[in-house]
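Presented below is the structure to which this report refers.
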Amino acid sequence: MSTTYEPVIGLEIHVQLKTRTKMFCGCELSFGEEPNTRTCPVCLGLPGTLPVTNAQAVQYGIMMGLALGCEIAPRSIFHRKNYFYPDLAKGYQISQYDIPLCLGGRLGDVRIHRIHLEEDAAKLVHIGTSGRIHGSDASVVDYNRGGTPLAEIVTEPDIHSAEQARDWLQLLRETLRQLGVSDVNMEEGSLRCDANVSIRPQGSTELGTKTELKNMNSFRFVMQGINAEIARQTALVEAGEKVVQETLHFDPVSGRISSLRSKEEAHDYRYFPEPDLVPLVPTPEMLESAKAAIPELPAERSARYEHEFGLAPDTAYLFSFEPEWGDYFEKAAAGADPKATAIWVTELRSRDGASVEPGDLARLVTLVVERKVTAAAGRTILDKLVAEGGDPAEIAEREGLTAMEDSGELEAIVAKVIADNPDVVERIKGGNAKAMGALVGPIMRETKGRADGGEVNRLLRSALGL
Amino acid sequence: MLELTAAQAAAKIKSGELDAGEYFEFYRQRAAGDAFNSYIWVADEAPALPAADTPFAGVPIAIKDLFCTEGVPSQAGSKILEDYRPPYTATSVRNLQAAGGTLLGKTNQDEFAMGSSTENSAYGPTLNPWDPKRVPGGSSGGSAASVAAGTAPWSIGTDTGGSIRQPAALCGIVGLKPTYGAISRYGMIAFASSLDQAGTFTRDVTDTALLLSAMVGADPCDSTSIGLPEPIELPTGKDLKSIRLGVPEELSGEGIEPGVLKAFNETLDIARQLGATVETMHLPHAPHGLAAYYLLAPAECSSNLARYDGVRYGFRADNAPGGLLGMYTATREQGFGAEVKRRIMLGTYALSSGYYDAYYGKAQKVRTLIASDFTKAWENFDFVVTPTAPGVAFELGAKTADPLAMYLNDFCTVPMSLAGIPGISIPNGLSDGLPVGFQIAGPAFSENRLLEAAYALEQAIGFDGSGAFA
């Protein structure tokens with residue numbers, strides 16, 4: 001009898017903030033520029049230089065904290081994290097340690113532990129075949145990235161599957177994108193995710209030994225990597241072995257997990273308060289203006305669409321992840337039934353690049369809801385609206401698309417089509433009910449889509465004696 | 001030209017009696033011919049001279065090596081920055097240049113400002129102009145010796161635990177360390193960030209005020225700079241009426257050489273004659289100042305000096321085996337001197353996991369106690385006075401074998417550094433023919449009052465330092 005193991009996952013996410021300049025100096029942020037062209041004495045760590053805190057980065061940090069329901073620390077400080085590496089110009093990174101900017105919070109069903117500000121390291125390029133350090137001939141450093149403002153978000157271990165991790169990460173990403181604080185692009189490195197993974201017997205409340213899985217640079221790799229690690233740990237534990245606390249790398253090509261460094265080699269960062277910077281004490285004005293700068297975010301908007309407009313969760317989620325469509329939906333729904341409007345907005349959205357005045361769409365929706373046109377006719381009218389604009393009711397009249405009201409006309413068409421297709425009628429009467437579809441098509445064409453599909457079927461059955 | 005103070009020279013240049021170009025050249029040649037190894041670099045020629053209506057009107061200044069001066073060697077007395085030429089100039093130096101000061105030369109110092117004798121320089125020790133077999137003090141030994149020997153009219157240095165005040169005392173000149181934050185640290189090659197402050201070496205207190213007034217100010221490039229609340233004024237004080245002087249027992253008895261103590265007491269008598277009240281008092285935690293300092297400063301320096309790794313600038317041990325780690329190790333092993341290595345190791349240890357609370361954390365708490373001793377003192381006293389250094393200039397090599405004996409040079413000056421308050425040392429006599437210094441320390445931001453008191457005492461003491469002119 002084997003034990004079922006529950007995965008316990010926490011995420012550490014680094015977000016590059018979309019400020020104009022770096023965290024501690026006036027160099028402009030860049031991506032893809034010529035190497036070492038966005039540097040200055042400060043971010044190169046030249047002798048005698050000093051950091052100065054970027055106020056916009058602090059503002060973005062406060063906005064993130066408020067948006068994620070965190071407490072903003074009335075006083076937080078920067079610490080130095082000391083270690084040697086060529087991508088770290090000063091030999092230490094200015095970060096925050098035990099008194100961070102934000103504590104607590106929640107997004108969706110995952111609690112936030114903390115958010116803090118720090119500076120990014122420079123970029124190392126390893127010259128060789130794989131681009132990784134092993135097997136490379138030389139390494140070069142591009143200091144353009146060094147000093148870029150980062151916000152580090154650490155979650156509580158509230159995630160219990162790789163899929164949940166991916167979904168939550170996508171919600172976080174969209175929330176931060178709409179907040180306007182970051183490009184949150186995993187491929188470009190403005191969003192980076194590490195996962196802390198452990199397993200425990202289902203029902204247990206103790207935490208197992210966790211490993212740290214680093215730098216998975218797409219949502220898919222995050223999910224694959226976590227699944228691979230869960231499988232690895234499960235296999236270990238089932239074989240009676242112990243999980244070792246270590247830092248791991250997931251190779252998406254091979255699907256293999258390999259060790260980066262073990263606990264024994266863990267750095268002692270010798271954290272101490274940064275003496276070159278004064279404490280961060282957000283003023284009431286800073287907090288107010290951060291709050292005012294926060295738009296309605298996906299989680300809230302989605303809930304509002306479900307409650308206020310009665311939309312299905314999937315639709316509400318879609319409109320909150322694409323707020324342009326959410327805003328459009330709300331404008332249109334001001335003039336028509338919301339649920340029906342949602343369907344037609346989704347229909348419009350599926351036509352790439354198409355646009356229609358929200359008021360016109362609302363009128364179209366109402367025509368359909370009032371059965372003045374059929375849904376099929378409605379799609380034709382929509383095409384016309386996209387191509388030329390106009391008023392839906394007028395288009396319906398002009399194109400002869402109004403719903404067939406006189407059932408005599410329809411009965412006549414049904415009779416004609418039956419008469420024109422004796423072989424099909426034979427097959428239907430012979431027991432092949434599906435062949436009726438071969439009659440529906442011509443009828444709909446004759447009526448130019450003005451007939452209601454259900455009514456057509458009813459009349460057909462009645463005429464054929466079924 | 002040698003006898004003129006900087007203020008007198010500036011006045012004469014403005015009135016047309018003195019030619020700025022000639023004056024600069026006079027000092028340039030003296031600096032180039034300096035026999036005490038005060039200078040690591042001397043200007044080849046006069047720079048473009050500023051207008052006569054600037055405060056300094058072109059008077060030259062000698063500048064401690066660790067101030068970044070664009071295009072000019074700024075090595076902090078170390079081999080690891082040999083011939084390093086920064087792409088920018090320190091804010092405090094730019095302020096001096098804006099005031100009409102001209103760069104005469106870069107002066108010798110203990111490596112990375114770590115030392116009390118300038119024997120830790122990678123460029124040889126500086127000699128004391130009063131007796132070339134003796135040290136000038138440190139770490140700003142070159143700046144002090146240049147003024148004492150008259151190879152510069154005035155100079156600037158830095159003080160972290162006493163590195164301006166102590167060499168000023170040992171060289172018989174005036175040295176001021178201002179309130180922490182009064183002068184920008186941007187461009188000062190860092191030793192201990194929460195303690196380093198730029199300051200002045202001059203022949204008299206009037207020159208101190210003039211030089212200081214151009215240096216102070218909050219700087220957007222230095223978040224810890226705040227400037228001073230009022231502009232510096234030239235002092236005119238003639239007495240010390242209603243001034244209450246406190247003499248801390250902990251810093252004025254045990255450990256002080258008899259000759260120094262004798263001069264100290266004579267100055268206290270002069271103070272009384274000028275109308276001051278003089279009382280003994282207590283700074284109960286001051287005796288722990290050295291211990292706290294020699295944990296905090298090394299801790300900060302172990303981090304500040306991590307950037308000297310041979311990757312981007314300075315000395316690199318080319319072709320060292322062992323890949324990246326080999327390069328780091330060889331570069332720092334060869335580039336740093338013994339005292340610097342000692343303090344980096346001490347500091348790394350004090351910050352390390354498991355020891356942080358016992359050492360660094362504890363030292364920070366002691367620092368707070370020392371600072372609050374001073375805060376309490378200001379309830380009853382205007383200034384605290386001590387001998388600046390426990391002894392007169394010692395012989396070269398006398399204390400190099402025992403780092404702790406060397407550290408003891410700072411025990412009267414370190415408490416003021418830890419508390420961030422200003423302190424000035426004025427020469428108050430000779431002991432066995434060697435200068436003695438008198439330290440006056442005041443509350444934070446009390447520079448104007450401090451200068452007034454120092455001026456009044458200086459006038460009454462009447463010390464003549466010209467005997468040391470080369």
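Below, read A as the first sequence line, B as the second, and so on, with proteins coming before strands; counting in each chain starts at 1. As a basis for the values below, the full set of heavy atoms in this structure was taken, side chains included, without hydrogen atoms, waters or symmetry mates.
For an aromatic pair to be called close, the ring centres must be under 6.0 Å apart, and A:Phe272 with B:Tyr360 satisfies this.
At least one side-chain heavy atom of B:Tyr308 sits less than 4.5 Å from a side-chain heavy atom of A:Pro47. The shortest distance between side-chain heavy atoms of B:Tyr88 and A:Thr49 falls below 4.5 Å. Counting only heavy atoms from C-beta outward, the side chains of A:Asp276 and B:Arg185 approach each other to under 4.5 Å. No side-chain heavy atom of A:Lys81 sits less than 4.5 Å from a side-chain heavy atom of B:Ser303.
For A:Asp268 and B:Ser352, the side-chain atoms include no donor-acceptor pair closer than 3.5 Å. Side chains of A:Tyr92 and B:Arg307: a donor-acceptor N/O pair is present below 3.5 angstrom, by distance only.
With a 4.5 Å cut-off on non-hydrogen atoms, B:Leu81 touches chain A through its side chain but not through its backbone. Heavy atoms closer than 4.5 Å to chain A are found in both the backbone and the side chain of B:Thr348. In this structure, the portion of A:Tyr143 lying under 4.5 Å from any heavy atom of chain B is its side chain and not its backbone. The contact between B:Asn304 and chain A is made by backbone and side chain atoms together, counting heavy-atom distances below 4.5 Å.
Taking every heavy atom of both residues into account, A:Pro86 and B:Tyr328 meet most closely at N-OH, 3.2 Å.
Proximity of a side-chain donor or acceptor of A:Arg270 to a complementary backbone N or O of B:Ser353 within less than 3.5 Å is not detected.
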